Amino acid sequence: MVRAVDWSVPRGTVCGLVGPNGAGKTTLLRMVVGLVGRTSGSVRVGGATVVNGAPPPRTGALIESPGFVPHLSGRANVRLLAKLRGQGDAAADAAIARVSLQGRANDRYRTYSLGMKQRLGVAGALIGAPGLLVLDEPSNGLDPAGVADMQALIHDLARQGVTVIVSSHALGDVERLCHQVAVMVEGSLVAVGAVADLVGPVRTRIRTSDHLAAARAASVALPHGHLTRHVVRRDDCGWFLDAEVSPDLVPRMVRALVEAGVDVHEVASVRRTLAEVYETLLRDRR
Amino acid sequence: MSRLRSWPAIWAVVGAWVLLSFLFAYVFPYLSYRTGAATIGDDDVSRFVIGLALSPARAPDVAIQAMPLFGGAMMTVLGVLVTGSGYSWDTWKTVATQDVTRRALITGSIAAASLVTVGLVTFVMALSVGTSSVIARAEGLQTDLPDPWTTLQALGAGLLVLETWLLIGCALGVVFRSTGLPLGLALIWTLVVENLLRGVGLLLPIMGYATDVLPGTATGSLVGALSRAHLGEATPGVLTDISEGRALVTVVLYAAAAASLAATFFVRRDLD
């Protein structure tokens, strides 16, 4: 069930939709492309309201798993879709080439591997030069090279001004690929924003011999205005001072700490990953 | 149409029905005629009746006799495959996101299957006339061709009967959103249940009224009204339970209801 969703996807961006199984991601995407009706609210694509049961114009989609006629070749399947959009065979062949499936395009769909089916699904979604592309788990079943190809394709499309919404459980890929991310839990969007905003700024980690040294490091660095939002923490490797430090101030701060007699064991720039942010969000919900 | 044309299951269904129809309408009666194996009544009379049925003039009647029951079952299978497979293979979901309305999709699919029906009825009719002409020449039977009006009537009735069963199959495929269950139900209904109900109708008058409005009764009676091959009573599914006019109206109503049901369910329900 999809309940509280208020999400604007800027034109020409790649937006990730993440969330645990059963969160409502696929249902939301189905609503966007008109496969599933809404009981309330509205979906607008390119300014036009999506009508229940009707696909929005210039929208391509691969929802959940690709669905094609098994006894037809991949090429014949995509050509059928091209016909529905009033496009010729050339458009279908171009879409097949775009997903690097030319070599097996004449084989029957039923002989395809999971990854090949997925590629064909994306080819079907690319027919008619869509302005919005909705991809639900597009990398599902792809080998590492296929995943890289898929990401390159999505980047390419975004460069050409295509808006892409990608649902995925591969948070590392989403972090690399997307400009914006929406986190969905139990039918509601619990966080939406640019990836950089969600993961926060780069932090500096100054590892010391013990907690006293870490606290001393903080007291030395603070008056110089080197740090903001600092905290003394401990992990498996020992105590450290974790703080937001402007990158150009790091050398000066380290020099000040050493001159003050603080044992600095390690200085590292660290950034929270989307996976960490996601886990935190889920933990907070629980 | 290209989806249906290259689909082995469609060829298997259509081919099986044409083959069975040909075997039962011409091959077995001809063998019986040649060998004199018919034992119903007086042998000469029996041979005469079979010879009459094998003549080209009777070809239109003979061609449509298998349509209400076996042809109907086959066309219901075809209809279920045409719409139900889209759910089984998830292809409805794929095509429904291609800038085309669902009404156009279901209309196009049914239209393509209907074209198959037109081709099938025409082919069976031509095969019937051709085969009976060859037999008539070989056996010295009357070689007069059927008159055009009779042929047109038979073509129309055959088309209406098969189209109705096709649409019922299409509706079942959409309603159940699969192929397995509706196929089973459709076959049991057309081949078994309706016959059982008509049997009960002989014992219970109230059931008789109910069976008069069944699709099998309507299609069977429509063919029965047109059949003048004198083999009508012996052909399963060919009936004379209701009048030609009532049968025609009932069949048309069934066709319209099935088409509406398929379209409404397909357009209104979620594709998930």
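Protein chains get the first letters and strands the later ones, always in sequence-line order, with residue 1 at the start of each. Every value quoted in this text rests on a predicted model; they were computed, and no experiment measured them.
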Chemist: Take atom CZ in B:Arg103; do more than 12 heavy atoms of anything else shown fall under 6.0 Å from it?
Modeler: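 Counting other residues, nucleotides and ligands, CZ of B:Arg103 stays at 12 neighbours or fewer.
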Chemist: Who wins among A:Thr59, A:Asn52, A:Leu84, A:Ile127 for the most heavy-atom pairs under 4.5 Å with chain B?
Modeler: A:Leu84
Chemist: Can you tell me how far the CD atom of B:Gln98 sits from the CD atom of A:Gln87, to the nearest 0.5 Å?
Modeler: 10.0 Å
Chemist: Quick one: does B:Arg102's side chain have a donor or acceptor within less than 3.5 Å of a partner on A:Ala54's backbone?
Modeler: no
Chemist: Measure distances from A:Pro56 to the heavy atoms of chain B and classify the residue's part below 4.5 Å as side chain, backbone, both or neither.
Modeler: backbone
Chemist: What's the separation between atom CG in A:Leu62 and atom OG1 in B:Thr94, rounded to the nearest 0.5 Å?
Modeler: 8.0 Å
Chemist: Rounded to the nearest 0.5 Å, what separation is found between the CG atom of A:Leu35 and the CH2 atom of B:Trp92?
Modeler: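 Atom-to-atom, A:Leu35:CG and B:Trp92:CH2 are 13.0 Å apart.
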Chemist: So do the side chains of B:Asp90 and A:Pro66 get within less than 4.5 Å of each other, counting heavy atoms only?
Modeler: no
Chemist: Which atoms of A:Thr27 are under 4.5 Å from chain B, going by heavy atoms: the side chain, the backbone, both sets, or neither?
Modeler: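 For A:Thr27, no heavy atom lies under 4.5 Å from chain B.
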Chemist: Just wondering, are more than 12 heavy atoms of other shown residues or ligands nearer than 6.0 Å to CG in A:Asp6?
Modeler: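 It does not: A:Asp6 CG has 12 such atoms or fewer within range.
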Chemist: With under 30° as parallel and over 60° as perpendicular, where do the rings of A:His71 and B:Trp89 fit, or are they tilted in between?
Modeler: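 A:His71 and B:Trp89: perpendicular rings.
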Chemist: At a heavy-atom distance under 4.5 Å, which candidate from A:Gly86, A:Gly128, A:Ser65, A:Gly60 has the highest pair count against chain B?
Modeler: A:Ser65
Chemist: Just by distance, do the side chain of B:Lys93 and the backbone of A:Gly67 share a donor-acceptor pair under 3.5 Å?
Modeler: no
Chemist: First locate atom CG of A:Leu29, then atom OG1 of B:Thr97, and finally report the distance between them rounded to the nearest 0.5 Å.
Modeler: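 Answer rounded to 0.5 Å: 12.0 Å.
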Chemist: What's the shortest heavy-atom distance between B:Asp99 and A:Arg58, and which atoms?
Modeler: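 Heavy atoms of B:Asp99 and A:Arg58 come nearest at OD2-N, 3.6 Å.
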Chemist: For chain B, which of A:Val33, A:Thr26, A:Leu81, A:Val134 has the most heavy-atom pairs under 4.5 Å?
Modeler: A:Leu81
